[in-house]
Amino acid sequence: GATPVNIHGKPIINKTGGWIAALFIFGNEMAERMAYFGLSVNMVAFMFYVMHRPFSSSANAVNNFLGISQASSVLGGFVADAYLGRYWTIAIFTTIYLAGLTGITLLATIKVFVPNQDQCDQIALLLGNCEPAKSWQMMYLYTVLYVTGFGAAGIRPCVSSFGADQFDERSRNYRSHLDRFFNFFYLSVTVGAIVAFTAVVYIQMKHGWGAAFGSLAIAMGLSNMLFFAGTPMYRHRLPGGSPLTRVAQVLVAAFRKRNVSFQSSELVGLYELPGKRSAIKGSNKIPHTDDFRCLDKAALQLKDDDGANPWRLCTVTQVEEVKILLKLLPIPACTIMLSVVLTEYLTLSVQQAYTLNTHMGHLKLPVTCMPVFPGLSIFVLLSLYYSVFVPISRRITGNPHGASQLQRVGIGLAVSILSVAWAGVFERYRRTYAIQHGYEASFLTQMPDLSAYWLLIQYCLIGIAEVFCIVGLLEFLYEEAPDAMRSIGSAYAAVAGGLGCFAATILNSIIKSVTRGKGETRESWLSQNINTGRFDYFYCLLTVMSLINFAAFLYAAHCYQYR
């Protein structure tokens, strides 16, 4: 049932897969991430400067786009596992992604899609005196933006799983290959992000918005060609039918037999197909466990059961699939807080950087380039991971891979707490400095004696946190998920990221509402004027929330048993 096949669904005869096939997948993911991060870093500024939307609503709109594109990833995972397989799901949704990027490029290129830019200088923008975008213009922008997000949602849960499928589970070095694959996979994500935060920002500054978004569309088109070029090399897994249907069958069958005792005289035993083959296409058999005993009732075979109705009698493997999905949930749920912090950094740290000196010698870096530094720290860490971290941690833990998957997730969450705590400390110093030196009202004026490179500490720490947490989580979900639900397992990580984006938007709205004085006599913590707001209090709140989340993770990890 879990035997890899070629694109025609036939058993593989010639040698395929391996690192050569993975290289094509790395290229596709690099371009997809370049487009994703290119939109995330530029769209807030585009909506503010070109579409004349308020900064706060622009940031919330982009946060919602990021959230929907990640949270709806479960749709791509479902389609891949149930019907199309990972290859065809990626092929279809990358095409949708490219169509969305093309639409955004046309928006930024053709003047009719944007409001009049005449007499709209920086002062007019700040006072809100620029001509606002018409409702149909915003409707077109949101349409192409969410088409792009829909394409990203279909790709995200499939690419890492499809890449991991290229390695033979029966190989002696399978675990080592898989460990290295997920690290190199995230390295390709990082390279795409670095290009988005540097080259795409440079193109935007020199050649305009149309050229910047056009470069993302061209990169996505080239990546599609690269992905299709690797088609003869790929190994495939057969889709196992609708996983949601199988989950529903287990729940219905367990409910029907809720009153049947495990000691009933009518009981034959727990139902499973004889022999080696599983009833689920694309899956090996899964041995029975004692967790969630209430679900075992779906597999209780009574004397009058013939196994023909899966809504009354399910196999042990089908029941165990549902148990595994339930047992996995707490781990990615504990990474939602990291996604909240990452989302807040995309906007808050950029606002901080606008008030700081971004010169590096004679070179002045654009503020929108600042998010490149977490990417650079990730790149350095992944490059040194096997030569430095693994040997040291192997001596401490005794684990041949340096640290287990859950240990790496825990390290990432712990480092993220240090990052957000430092952000609060520095923001308190920055705000005090601005007020003492007469910059309280000038929140878009750079303070020449205070360098933006103090932000590198929080950026580098969050980059390190992201490496350990996300790479460990992706590998954990792929290995622990049921064979026929690996795309949905990988979608858990993306859904957690999406929920983090939504949570960040909701948290921002609550903080603005609670901390603003009556009649707007007092600025909220998240005031557009960062020097009169209290971003330092907000970072402290995030630190406390991260500490509580870390305690919850430690409990969940302690209770979890690897398959």
Side-chain angles (χ1 to χ4, degrees), residues 34-72 93 95-153 196 200-201 203-221 343 346-347 350-351 354 366-368 444 498 501-502 504-505 508-509 512 528:
M34 172 183 163
Y36 180 79
F37 287 112
L39 284 178
S40 67
V41 74
N42 284 301
M43 189 52 69
V44 173
F46 178 78
M47 292 178 72
F48 179 71
Y49 287 108
V50 179
M51 305 304 286
H52 306 155
R53 303 292 296 169
F55 188 86
S56 58
S57 65
S58 300
N60 283 342
V62 173
N63 284 350
N64 290 335
F65 157 72
L66 298 177
I68 290 173
S69 70
Q70 293 188 76
S72 57
F93 281 92
T95 305
I96 295 172
Y97 203 142
L98 179 59
L101 288 172
T102 303
I104 291 174
T105 303
L106 292 176
L107 167 72
T109 305
I110 302 174
K111 290 186 177 180
V112 71
F113 289 120
V114 298
N116 189 357
Q117 305 298 311
D118 294 340
Q119 299 178 342
C120 186
D121 55 17
Q122 190 175 58
I123 300 298
L125 270 173
L126 293 176
L127 296 176
N129 293 334
C130 294
E131 179 184 318
K134 298 180 177 64
S135 57
W136 71 267
Q137 292 171 330
M138 291 307 301
M139 180 65 70
Y140 176 80
L141 170 60
Y142 286 134
T143 299
V144 292
L145 193 60
Y146 286 115
V147 166
T148 306
F150 181 66
V200 176
V201 169
I203 292 171
Q204 185 274 316
M205 293 176 63
K206 291 295 183 182
H207 303 287
W209 295 103
F213 292 135
S215 67
L216 301 180
I218 292 171
M220 197 68 213
T343 304
L346 274 177
T347 52
V350 169
Q351 283 182 264
Y354 271 117
V367 168
T368 46
L444 288 181
C501 293
F502 289 132
T505 301
N508 290 351
S509 298
K512 287 177 182 177
Q528 181 160 292

**OP:** Using the side chain to side chain contact (heavy atoms under 4.5 Å, CB included) rule, take Val200 and Phe37 through it: C-alpha gap first, then chi angles, then the decisive distance, then the call.
**Re:** CA-CA 10 Å; Val200 176; Phe37 287 112; over 6 Å; no
Subject >> Nearest-0.5 Å distance, CD1 of residue Ile104 to OG1 of residue Thr109 >> reply: 11.5 Å
Subject >> OG1 on Thr102 to CG on Leu107, rounded to 0.5 Å >> reply: 12.5 Å
Subject >> Contact check, side chains of Thr148 and Tyr36, non-hydrogen atoms, under 4.5 Å >> reply: no
Subject >> Ala211 to His207 - nearest heavy-atom pair and separation >> reply: CB-CB, 3.6 Å
**OP:** List the atom of Gln204, the atom of Ala212, and the distance in Å for their closest heavy-atom pair.
**Re:** CB-CB, 3.6 Å
Subject >> Nearest heavy-atom neighbours spanning Gly210 and Thr105 >> reply: O-CG2, 3.7 Å
Original post:
With side chains defined as the heavy atoms from C-beta onward, is the minimum distance between Met43 and Phe213 less than 4.5 Å?
Top reply: yes
Subject >> Spacing of CE belonging to Met139 relative to NZ belonging to Lys134, to within rounding of 0.5 Å >> reply: 15.0 Å
Subject >> Nearest-0.5 Å distance that lies between atom OH in Tyr146 and atom CG in Leu141 >> reply: 9.0 Å
Subject >> Minimum side-chain heavy-atom gap Met51-Pro115 below 4.5 Å >> reply: yes
**OP:** Write down the atom of Leu216, the atom of Leu101, and the distance for their closest heavy-atom approach.
**Re:** O-CD1, 3.8 Å
Subject >> pair Phe113-Val144: side-chain heavy atoms closer than 4.5 Å >> reply: no
Original post:
Can you find a pair of side-chain heavy atoms, one from Val112 and one from Tyr140, that are under 4.5 Å apart?
Top reply: no
Original post:
Are any non-hydrogen side-chain atoms of Leu39 and Phe65 less than 4.5 angstrom apart?
Top reply: yes
Original post:
So, for Cys501 and Thr343, which heavy atoms are closest and what is the spacing to 0.1 Å?
Top reply: SG-OG1, 3.5 Å
**OP:** Return the minimal non-hydrogen interatomic distance between Gly151 and Tyr97, and the atom names on each side.
**Re:** C-CD1, 3.9 Å
